[in-house]
Number of protein chains: 2
Amino acid sequence: MTELSSRQLRAFLTLAEQRNFTRAANLSHLSQPAFSALIRTLEDALGTRLFDRDTRSVQLTPEGKLFETAAQRLLDDMNGAIADLADHVERRKGRVRIAALPSLAAGWLPAVLAEFMATWPGIRVDLDDALSDACIARVRSGSADFALASSGDGTVADSDLLSRKLCSDRFHLVCRADHPLATEPKLSARKLAPWPFIQMARHSSVRQSLDVALHPLRMNAVFEVEHLATVMGLVEAGLGISVVPALTLFHFRRDTLVTRPLPVGGLTRTVNIVQRREGSLSVAAQTLHDLVVARLGNLNLD
Amino acid sequence: MTELSSRQLRAFLTLAEQRNFTRAANLSHLSQPAFSALIRTLEDALGTRLFDRDTRSVQLTPEGKLFETAAQRLLDDMNGAIADLADHVERRKGRVRIAALPSLAAGWLPAVLAEFMATWPGIRVDLDDALSDACIARVRSGSADFALASSGDGTVADSDLLSRKLCSDRFHLVCRADHPLATEPKLSARKLAPWPFIQMARHSSVRQSLDVALHPLRMNAVFEVEHLATVMGLVEAGLGISVVPALTLFHFRRDTLVTRPLPVGGLTRTVNIVQRREGSLSVAAQTLHDLVVARLGNLNLD
DNA sequence: GCGCTTTACGCTGCGCGTAAGTATC
DNA sequence: GATACTTACGCGCAGCGTAAAGCGC
């Protein structure tokens with residue numbers, strides 16, 4: 001198996017261009033004999049003379065001409081590959097695929113993504129807003145670099161996934177400003193139970209984490225809807241109250257509505273950042289990961 | 001400027017495939033620490049980790065995956081270039097462009113070319129049958145590797161061309177079998193002069209070398225034609241005699257005709273093999289060149 | 001404790017520069 | 001004899017193998 005180095009290729013091309021050992025040696029920062037030996041080594045490796053040299057002139061043999069084309073292309077490709085890799089390492093190029101709960105994707109993430117994309121304009125970011133289980137499935141299958149989800153740590157603890165707590169997301173009551181609970185001095189989950197309640201659909205992560213947080217308390221559900229915007233409409237119409245995580249409160253910022261934090265005891269959901277246990281993140285993904293942690297980590301929302 | 005060697009690429013790809021330093025090291029015929037150092041050197045050169053390794057598992061980083069594709073292609077291209085060069089050196093591939101006088105192209109060369117092409121079936125041979133000056137021009141311009149021509153050595157002696165005598169080509173009388181000269185005991189140029197003579201066209205190399213050989217004698221020309229086949233027809237019809245080099249006698253091998261060598265004194269033309277003084281021949285061209293010299297060199301024809 | 005990678009460390013030899021040799025014009 | 005490539009030769013350091021040390025599991 002023939003050995004070949006980029007030094008040899010560069011030396012060869014330099015000599016092919018200069019047609020003079022001394023000049024080519026200087027350009028290569030080598031003594032002339034050392035350069036001569038380098039060329040000889042290459043010729044020996046390839047099994048043929050590449051240059052005709054007498055004391056007056058140096059020029060490519062026909063075989064040398066043949067190799068010149070190939071060598072030029074090889075070196076260009078090599079430099080291209082190196083530059084491409086460097087672009088990724090220096091974050092001029094790249095791609096990050098992130099999966100996040102819809103509430104995060106709509107609420108907190110956009111600002112972080114905007115900052116990231118402004119800093120690293122060459123990096124493409126794919127955002128997949130999916131429910132918690134789907135997010136985790138994406139990470140597991142490799143179609144997302146990491147995910148922001150609210151599954152309990154236990155869910156993925158023993159598996160191939162690594163899940164770390166990013167922040168707590170406190171639950172808030174949302175009701176009309178004229179609702180008795182809007183002015184109730186000491187809120188508690190139990191006090192909410194009698195009132196007509198607008199639930200999220202059973203498969204939504206907000207609902208699932210709420211069920212866990214309230215257990216064993218049951219709400220007096222009068223509606224069960226898919227979208228938080230619908231919850232907002234129903235609450236505003238006076239048809240009921242609801243309880244949602246702080247991350248989703250932007251849906252409810254209206255004069256007609258009141259949002260009030262519920263007591264801390266258990267009434268929080270945890271937002272986890274999930275990645276594969278084996279296999280590090282790409283430079284781009286790690287950078288976004290770190291930015292997400294820096295901006296959202298250890299944040300006890302409202 | 002980043003250095004890269006084929007060893008490094010091969011080591012990288014072996015490790016990417018084996019995902020185990022020890023196995024990859026054995027496959028590379030290196031000790032495991034030496035192999036480890038080789039990978040580390042590559043990673044340092046590229047400025048990034050290519051493998052995630054803990055003691056249990058070794059696998060490509062995202063950047064490593066990126067480089068894997070490029071490395072595979074680089075190595076394939078490199079091996080391709082080396083193999084292509086070897087094919088030329090081993091004469092499995094190649095091209096020879098040869099220019100030769102029509103008389104040589106029709107007479108002696110075909111057998112040599114047939115031998116050459118049978119021995120080296122992968123080598124393409126281009127034959128250009130042209131007059132002497134055109135042959136030499138082809139060589140000078142680089143559109144032929146070498147030429148077989150009859151120009152005097154002086155013509156190209158001081159130039160960029162190298163002309164060496166290949167063989168002598170003795171002139172022969174051609175006449176009808178019933179012609180008085182067919183049985184003339186002691187032939188000489190002078191004895192031919194009175195008889196009606198079929199000339200070749202003034203620009204043909206046969207004519208030019210004949211003029212030189214006979215000088216200052218003038219023949220009694222009754223026709224001046226382009227092609228030797230025409231000369232043959234005219235002679236056979238009894239319209240005259242002619243004098244042609246031995247190389248062309250195959251045109252006149254007929255029962256109705258007689259061919260007789262003329263005395264050696266001056267009545268020969270020299271066939272030269274001409275190549276550029278600078279720049280060696282390709283392996284393929286040199287091989288054909290040597291075969292031509294071996295088969296036709298030092299041959300005093302008839 | 002076992003398996004695998006990394007670190008430590010002497011040693012060989014490749015490849016460098018200097019200097020002398022050789023060939024061509 | 002001037003110029004430019006090649007050979008000769010001593011030397012330093014890159015890179016090898018052996019042996020010991022980390023490090024997960």
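Remember, it's a predicted structure, so these values are computed and weren't measured experimentally. Naming: A, B, ... by sequence-line order, numbering from 1 per chain.
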When you measure from the side chain of [X], which nucleotide among [options] comes out closest?
| X | options | answer |
| --- | --- | --- |
| A:Gln32 | D:dC5, C:dC16, D:dC16 | D:dC5 |
| A:Pro33 | D:dT7, C:dC16, D:dC5 | D:dT7 |
| B:Leu30 | D:dG17, C:dT5, D:dC5 | D:dG17 |
| B:Thr22 | C:dT5, C:dT6, D:dT6 | C:dT5 |
| A:Asn20 | C:dC4, D:dC5, D:dT6 | D:dC5 |

- Query: Is there a donor-acceptor pair closer than 3.5 Å between any side-chain N or O of A:Arg23 and the backbone N or O of A:Gln18?
  - Reply: yes
- Donor-acceptor contact below 3.5 Å, side chain A:Arg97 vs main chain A:Gly142: yes
- Taking for A:Phe35 and for A:Asp54 the nucleotide of DNA chain C with the nearest heavy atom, the one nearer the 5' end belongs to A:Phe35
- Message: Students often get this wrong, so: under 4.0 angstrom with heavy atoms, is A:Ser31 touching a base, only sugar-phosphate, or nothing?
- Response: base
- Message: Heavy atoms only, 4.0 Å cut-off, all strands: where does B:Ala37 land among base, sugar-phosphate and nothing?
- Response: nothing
- NZ/NE/NH1/NH2 to OD/OE distance under 4.0 Å, A:Glu278 and B:Arg19: no
If the cut-off is 4.0 Å, is [X] near the phosphate of [N], judged by side-chain N/O to OP1 or OP2?
| X | N | value |
| --- | --- | --- |
| B:Arg7 | D:dC16 | yes |
| A:Arg53 | C:dT24 | no |
| B:Arg40 | C:dT7 | yes |

- Task: Please say whether more than 12 non-hydrogen atoms of neighbouring residues, nucleotides or ligands are located less than 6.0 Å from CZ in A:Arg10.
- Result: yes
- Task: Calculate, to the nearest 0.5 Å, the distance between atoms SG and CG belonging to A:Cys167 and A:Leu148 respectively.
- Result: 8.5 Å
Distance check needed: [N] [atom2] versus [X] [atom1], whole Å only.
| X | N | atom1 | atom2 | result |
| --- | --- | --- | --- | --- |
| B:Asp52 | D:dG24 | CG | P | 13 Å |
| A:Glu3 | D:dC16 | CD | P | 11 Å |
| B:Gln18 | C:dC4 | CD | P | 13 Å |
| B:Leu38 | C:dT5 | CG | P | 15 Å |

